[in-house]
Amino acid sequence: MRTDRYVSQKHGASGSRRSRWARASCAALSGLIAGFTALCVAELVAAAVRPEAGPVTAVGGAVIDRTPAAVKDFAVRNFGTDDKLVLQLGILVLLALFAMAVGVLALRHRWSGAAAVLVFGVVGAVAAAGRPDGRPADALPSVVGALVAAGVLYLLAARLAPAPVPPPAAGETDGGVQCAFDRRGFVVAATTAAAASAGAGLLGRRLQASRLAGVSASREGVTLPAPASPAPAIPDGADLGIRGLSSFVTPNKDFYRVDTALVVPRVDAGRWRLRIHGEGVPRPVTLGFQDLLRRELVERDITLTCVSNQVGGPYVGTARWIGVRLADLLSEAGVKPPSKGGPADQIVARSVDGMTIGTPVEEVMDGRDALLAVGMNGEPLPFDHGFPVRMVVPGLYGYVSACKWIRDIELTTFDAYDAYWVKRDWSREAPVKTQSRIDTPRPFASPRAGTVPVAGVAWAQHRGIARVEVRVDGGAWHTARLAAEAGRDTWRQWVWEWPATTGHHTLEVRATDRTGATQTDERVGTVPDGATGWHSVVVDVT
């Protein structure tokens, strides 16, 4: 009998531990389901408010706003255009861990677990309403999602409460299992909650897709008029046609995208308005999209560069832009540049997503082709690149010139207002620096000995490229052959025929612009006004 009692107690203790683990696992699962519910319900409510009000988007945007410039630069450098996806996945992982912890908390303290879910809702609501473009209604998705999720967690936690264990019959030994719960009831409740949440999320996606379909139709219905001032034909020889060399014109699908928008704004062209106002604007202007299309349109080939582009980086590209000269609009509003007595030296461009871009008035009105662009490579702007209207100012890095989804232009001074990136330790003014890049051969390539074309691109927008030189293993500089020049606002291809010999070699390139300034070899990072240094490539010639 003593042995039987020992075995019974041992098995009972083991069963009790297994049941506790089962309850804890189910509690973590209930937290995940509650988190899933919060996101799905929020998705549904956001369909009625606006997509940017969703909690993941709102929290992600708040994280971006508060991230130091060096960290943002690291993200762009290492993740490229996938940086936003990485951020969103990181938020979801943290949310999942938080949800599981809250589920375990609710196992013992149901009300505390439910309250923790509400805290998550408050964080999302504050993040959404506190964004630069935030509205009070943006808090609704997070709040409603959290309230429903708190109720789901409370109900699931109730299903995990230990069920009463009947006392042992006469002559039987108590097995010690005191943690039994209604497993079947929990599975039914959890499955029902997950299915209902998924349905809410799918409905929200459907409603958002339906809403965006109308916006997409507004873009598809745009027919760009023929420009009154067409771009000159790209000269023969501007594209060398060398394998591995970037094409002179960058297709829209390949054009780099660097911005802070987790959800690409979808703006209806029919409802779009632009206001021009501020200091030194005696005649404020408000324009619609059709107003722009009825004006004199100009077409120009312009190379854009992101200030986050590392030496030899990919964030540079050339497109054929169609738009209205911004200087003409400003002049009609009565604006004068500082050199002619105007009181404002800064244009603050505001995007529909709350981004602010500060651009020098003098550069916009100095005769260069600064545009309010409506077209890119022969079609209306893609949504990713600013449809319906964006700014394009040659010679300046994008963070001080290329406001996408623009809705407002305010004239002010640099002393009176710091735009988004300036508040984050970037320079107020940022002319593009003279740079060059080796496209082929690629790093660690193994070309055969003999004549190897070393080719790439160089750019110094609004100054133009006068010379490109290449050297091998720190030796003498060799002048590369330049492609035909399409304009001083575009990049320029180049090639040097290298008599390659067997072995391990380092290739370096430098460019000289038309002012006579040669690209510096001093390596500095992108902050505060763009990277410098010579691009180099290591190859093994066989």
Side-chain angles (χ1 to χ4, degrees), residues 64 67-87 244-247 250 254-260 302-319 357 384-385 394-402 420-422 424-427 429-445 454-461 463 465 468-471 474 480 490-494 506-513 517-539:
I64 290 175
T67 299
V71 177
K72 290 180 182 175
D73 188 56
F74 171 84
V76 171
R77 184 170 65 251
N78 289 276
F79 302 117
T81 54
D82 293 327
D83 59 338
K84 300 170 187 62
L85 175 61
V86 172
L87 174 60
L245 176 60
S246 301
S247 61
T250 308
D254 298 327
F255 208 95
Y256 76 90
R257 177 198 163 201
V258 178
D259 53 53
T260 64
I302 299 173
T303 297
L304 296 187
T305 312
C306 180
V307 73
S308 294
N309 202 41
Q310 294 287 331
V311 172
Y315 304 127
V316 56
T318 299
I357 299 290
D384 283 357
H385 295 290
L396 303 178
Y397 284 117
Y399 85 98
V400 297
S401 68
Y420 182 93
W421 292 110
V422 175
R424 290 155 179 82
D425 301 325
W426 295 83
S427 295
E429 302 183 44
V432 173
K433 297 179 178 178
T434 302
Q435 284 286 301
S436 53
R437 184 181 75 197
I438 298 172
D439 285 351
T440 183
R442 307 292 293 175
F444 309 112
V454 180
V457 288
W459 58 91
Q461 290 94 308
R463 299 186 302 279
I465 293 295
V468 172
E469 299 167 289
V470 183
R471 71 175 181 178
T490 66
W491 60 8
R492 199 168 181 183
Q493 295 183 353
W494 56 266
T506 300
L507 303 170
E508 293 176 294
V509 63
R510 70 181 183 184
T512 300
D513 64 35
T518 299
Q519 179 180 345
T520 178
D521 64 336
E522 183 182 1
R523 276 276 183 150
V524 300
T526 59
V527 181
D529 59 1
T532 64
W534 295 337
H535 186 217
S536 62
V537 170
V538 175
V539 297

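Heads up: numbering here begins at 1 and tracks the sequence.
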Would you sort out whether Q435 and V311 count as a side chain to side chain contact (heavy atoms under 4.5 Å, CB included), showing the intermediate values? CA-CA 8 Å; Q435 284 286 301; V311 172; 3.9 Å; yes
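- Remark: the backbone N or O of L304 is not paired with any side-chain donor or acceptor of W459 at under 3.5 angstrom.
- Pairing each heavy atom of S246 with each of R437, the nearest pair is OG-NH2, 2.9 Å.
- Distance check, rounded to the nearest 0.5 Å: OG1 of T250 to CZ of F255 gives 5.5 Å.
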Pair W426-V527, side chain to side chain contact (heavy atoms under 4.5 Å, CB included): steps then yes or no: CA-CA 6 Å; W426 295 83; V527 181; 3.5 Å; yes
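- Atom CZ of R523 has more than 12 heavy atoms from other residues, nucleotides or ligands within 6.0 Å.
- No donor-acceptor pair under 3.5 Å is formed between the side chain of R442 and the backbone N or O of G244.
- Here OG1 of T318 is found 5.0 Å from CH2 of W491. Values are rounded to the nearest 0.5 Å.
- The distance from the CG atom of D259 to the SG atom of C306 is 9.5 Å, given to the nearest 0.5 Å.
- Across all non-hydrogen atoms, the minimal contact from S536 to E508 is CB-CG, 3.8 Å.
- Contact detail for Y399 and I357: the closest heavy-atom pair is O-CD1, 3.3 Å.
- Q519 places no side-chain N or O within 3.5 Å of a backbone atom of T512 that could act as its donor or acceptor partner.
- Scanning both residues, Y315 and S308, for their nearest heavy atoms gives CD1-O, 4.2 Å.
- For the side-chain contact (heavy atoms from CB on, under 4.5 Å) test with I438, the passing option among V457, V537, V539, L245 is V537; the others fail.
- Heavy atoms only, all atoms of each residue included: R492 and I465 are closest at NH1-O, 2.8 Å.
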If you apply the rule side chain to side chain contact (heavy atoms under 4.5 Å, CB included), what do you find for Y420 with T260, and how did you get there? CA-CA 11 Å; Y420 182 93; T260 64; 4.0 Å; yes
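- Annotation for V316 and Y256: closest pair N-CD2, 3.5 Å, computed over non-hydrogen atoms.
- The line from NZ of K433 to CG of D529 is 3.5 Å long, rounded to the nearest 0.5 Å.
- V454 has its side chain within reach of P441: a pair of non-hydrogen atoms, C-beta onward, lies under 4.5 Å apart.
- Annotation: the span from R471 atom CZ to R510 atom CZ amounts to 7.5 Å, rounded to 0.5 Å.
- Remark: T440 OG1 to L507 CG distance equals 10.0 Å, nearest 0.5 Å.
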